[in-house]
Undergrad: 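Take a look at the following structure, please.
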Amino acid sequence: MFVEHIEKVIAQYPHDANVGGVPSIHRRIQGYLNVQFGRLGRVPAFLEVFNNEAIWAHMYTLYRCGHRQELLKYALEMEDIITDSDPGFVAHLKAFFDQSPAIRSEIPVTASSLEDPYKAALYMAVGRGTVPKKAAAEVVHTTEDYLWSSLVLIRDAATIAAATGHPRSTLAALQALMLKYGAAHFDPSGTNPLLYLRVLLLCGLFEHAVDYLLQVDRFQVEAVHMAVLLAHHGLLRVPGAEPASSFSSFLVAADNGSDCTLAGLDFASMISHYARALPEAATDDAVNYLLLLTLPGAGPGAREQQALCEQALVRLLYERREYAHYLGDIQADGTRRRGYLERFLPLAGITSSEQFAQTIVRRLADRSRDEGRLADTVLLYNLGERYNTVLNVLSKQLGELLHLRGCSSGPGLSVDAAPAGDSLDLNDVEGVARAVVEHYRQREHIARVLEERSVATCNTLLLLLAFLGCHRRAAYEEALEAIERTQLLPLDGDVSLAAQHAERVRSVDESITRNFALILLATMDTLSRLYAGLKESPFVDAIKHANMQHLRRKARTLMVFAGMVQFRMPSDTYAKLNRMD
């Protein structure tokens, strides 16, 4: 930074600098000092000068630019002159750069020997005796000068301590001091927030730097990307802590709570907040930001980072509901189209299609099922190849639909039960279920893995809904045919078979058994209506009489069967059956 500053000053005042065409580092430093002491008038009260050259100012500026070897070479060339001021300086400088254990020596440093502030500043930086800070005050013009002076003492703390016998300067002490000063000290007017940011970064307070920049409205985007870069290089302290409560601060206190310099940054919450704040049109970008949660420096452990990434992706995708784009889709010919997210699975730590289905797709499907998103549930379980789960979900919802339609069938057939939840739009369930069953039936690779019980339950519920639909529109003959196709009830008129049916229905799915009172009542009502229709017919013949007797046998068998069923049904069910019988 200081080298760039020198070049800028020389370029601004080329005549005063007078460095020539292709200047060496020494010519550039001399030109810079010419501008400082001439045009800018920054001349200390006293300078040690030889042949119009401020020797100590030149050496300090070389060191300030990081040119250690050039400084040592210059000191050796000027040793005869320097010896007049400090006979042991060149030897000390060489031992200091070599980090020699024999560097320490007793050096009388007096106020008169440090009248040149550049000499005092250089002495302080290389551990040449005990130098009061005020002796170098004229040299430290800027915040950057102060930080450099402090940081070199920390960098060479061991060597300086060996040379002077003083306690080591520590980074923790400097960090605590900068935090104590705060942003207001460096930018009291609030017009240059980046100065304090630079201070925090140069002191290694990366977490505080990001958090500070987040609090400046116009730099929040830059703060997020700075955090990404720091995490990429493993420079962020990211504790496994509860998420921060707001976007204004994502600092997490250290475990002991006492050392503010050891605070961590809640990287996961910050990135998640930023990604979810992006508009829906930028969901692709939001997904890519969430994938950054697995950066090597983004968390305390790889598995925990991966889990955070998976949770954040599931949450975002559930909110945006663009499953076909991000997770893929099943084409009309049965082939699967890969989704956008699948291109980046290694970044999320996902290494296989099965892991992707388990950690992302099925979790989305489970949540959609729990929240009542039927179409999403079917799509997602299909993508996860959980075909039996699709049928089970549909069966549960068909059972809900059957229950609701039964409750609205009128007083004669209503069943006393708690109303079912309306989390799903049940009007679409029947059509979706028929389409799914037909789709599965036509695809051999799916039909092969379907469980017979799941298929039978779904088909039975569809038949029961068809039966109830016929009953509601008074198509009683069609209703009787539909209920007979289910083979749930003994409707062949043979009382001896009632026990077999009662034993068989014990194993049917709960979505059917919870509606059994409705099924029995609707079936008995169907028989009763058909019987009444025959009875009221003006025709009297053997066929009519035989049909009426057959219906009576069906009703009697149904009554016997109802007495054998062990399901818990409303107490008035048997009374209603008896009355219709």
Side-chain angles (χ1 to χ4, degrees), residues 369-370 372 374 388-409 412-424 426 429-430 433-434 436-437 450-472 479-480 482-492 495 497-527 554-555 557-578 580-581:
R369 176 199 61 202
D370 296 341
L374 177 63
N388 285 297
T389 305
V390 172
L391 292 181
N392 293 337
V393 169
L394 289 172
S395 292
K396 182 179 179 182
Q397 300 310 318
L398 288 172
E400 293 283 346
L401 179 60
L402 189 63
H403 177 84
L404 290 176
R405 288 186 180 175
C407 289
S408 62
S409 294
L413 294 181
S414 63
V415 179
D416 297 329
D422 58 352
S423 57
L424 283 180
L426 292 173
V429 174
E430 189 174 359
R434 293 188 188 281
V436 168
V437 168
L450 294 178
E451 296 174 0
E452 185 177 345
R453 176 185 170 88
S454 299
V455 176
T457 298
C458 199
N459 282 328
T460 299
L461 285 162
L462 288 171
L463 283 172
L464 288 172
L465 284 167
F467 157 67
L468 200 61
C470 293
H471 180 272
R472 293 179 70 181
L480 184 58
I483 192 62
E484 285 177 340
R485 286 203 303 274
T486 67
Q487 298 183 356
L488 279 176
L489 308 178
L491 294 174
D492 49 8
V495 176
L497 298 178
Q500 295 180 21
H501 277 81
E503 183 66 30
R504 188 187 309 158
V505 296
R506 289 181 182 177
S507 61
V508 299
D509 191 79
E510 190 269 342
S511 58
I512 297 174
T513 59
R514 75 185 294 254
N515 291 294
F516 223 75
L518 166 67
I519 297 167
L520 287 171
L521 290 172
T523 302
M524 185 64 84
D525 188 66
T526 298
L527 295 174
K554 287 179 183 289
T557 306
L558 194 60
M559 286 299 300
V560 173
F561 169 77
M564 296 178 175
V565 171
Q566 300 297 314
F567 307 136
R568 179 178 298 175
M569 293 188 287
S571 58
D572 64 344
T573 301
Y574 296 102
K576 291 177 180 179
L577 288 172
N578 274 315
M580 287 186 281
D581 179 49

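This structure is a prediction, so every number in the text was calculated from the model and none was measured.
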Undergrad: Kindly give the heavy-atom pair with the smallest separation between H471 and A479, and that separation in Å.
TA: N-CB, 3.9 Å
Undergrad: Do L391 and T457 come close enough that some side-chain heavy atom pair is under 4.5 Å?
TA: no
Undergrad: Anything under 30° is parallel, anything over 60° is perpendicular, the rest tilted; go ahead and classify F561 against H501.
TA: perpendicular
Undergrad: Find the distance between CG (N578) and CE (M559) and round it off to the nearest 0.5 Å.
TA: 3.5 Å
Undergrad: As an exercise, state the distance from CG of N388 to CD of E451, rounded to the nearest 0.5 Å.
TA: 4.0 Å
Undergrad: Taking all atoms of both residues into account, what is the closest heavy-atom pair of S395 and S454, and its distance?
TA: OG-O, 4.4 Å
Undergrad: With a 4.5 Å cut-off on side-chain heavy atoms, are L398 and C458 touching?
TA: yes
Undergrad: Nearest 0.5 Å please: distance from the CG atom of N515 over to the CD1 atom of I519.
TA: 6.0 Å
Undergrad: Is there a side-chain contact between T523 and L491, using heavy atoms and a 4.5 Å cut-off?
TA: yes
Undergrad: In Å, rounded to the nearest 0.5 Å, how long is the span from CD of E484 to OG1 of T526?
TA: 10.5 Å
Undergrad: Do the side chains of R514 and E400 get nearer than 4.5 Å, heavy atoms only?
TA: yes
Undergrad: Could you tell me the separation between the CG atom of L461 and the OG1 atom of T486, rounded to the nearest 0.5 Å?
TA: 10.0 Å
Undergrad: With sequence neighbours left out, what residues match T389 under side-chain hydrogen bond (donor to acceptor under 3.5 Å, both in side chains)?
TA: R386
Undergrad: Do L488 and L463 make a side-chain contact, defined as non-hydrogen atoms from C-beta onward lying under 4.5 Å apart?
TA: no
Undergrad: Shortest non-hydrogen contact from L468 to A522?
TA: CD1-CB, 4.2 Å
Undergrad: Are F467 and R485 close enough that some pair of their side-chain heavy atoms sits under 4.5 Å apart?
TA: no
Undergrad: For residues T513 and V505, report the shortest heavy-atom separation together with the two atoms involved.
TA: CG2-O, 4.3 Å
Undergrad: Show the nearest heavy-atom pair for residues T573 and M569, with the distance to one decimal.
TA: OG1-CB, 4.1 Å
Undergrad: Decide yes or no for R472 and R405: does some side-chain heavy atom of the first lie under 4.5 Å from some side-chain heavy atom of the second?
TA: yes
Undergrad: L489 versus T557: any side-chain heavy-atom pair under 4.5 Å?
TA: no
Undergrad: Which residues pass the side-chain hydrogen bond (donor to acceptor under 3.5 Å, both in side chains) test with E510, sequence neighbours left out?
TA: none
Undergrad: If the condition is side-chain hydrogen bond (donor to acceptor under 3.5 Å, both in side chains), which residues does R434 pass it with, not counting sequence neighbours?
TA: E430
Undergrad: For M580, is there any backbone N or O sitting under 3.5 Å from a side-chain donor or acceptor partner on D525?
TA: no
Undergrad: To the closest 0.5 Å, what do you measure between OG1 (T460) and CG (L402)?
TA: 11.5 Å
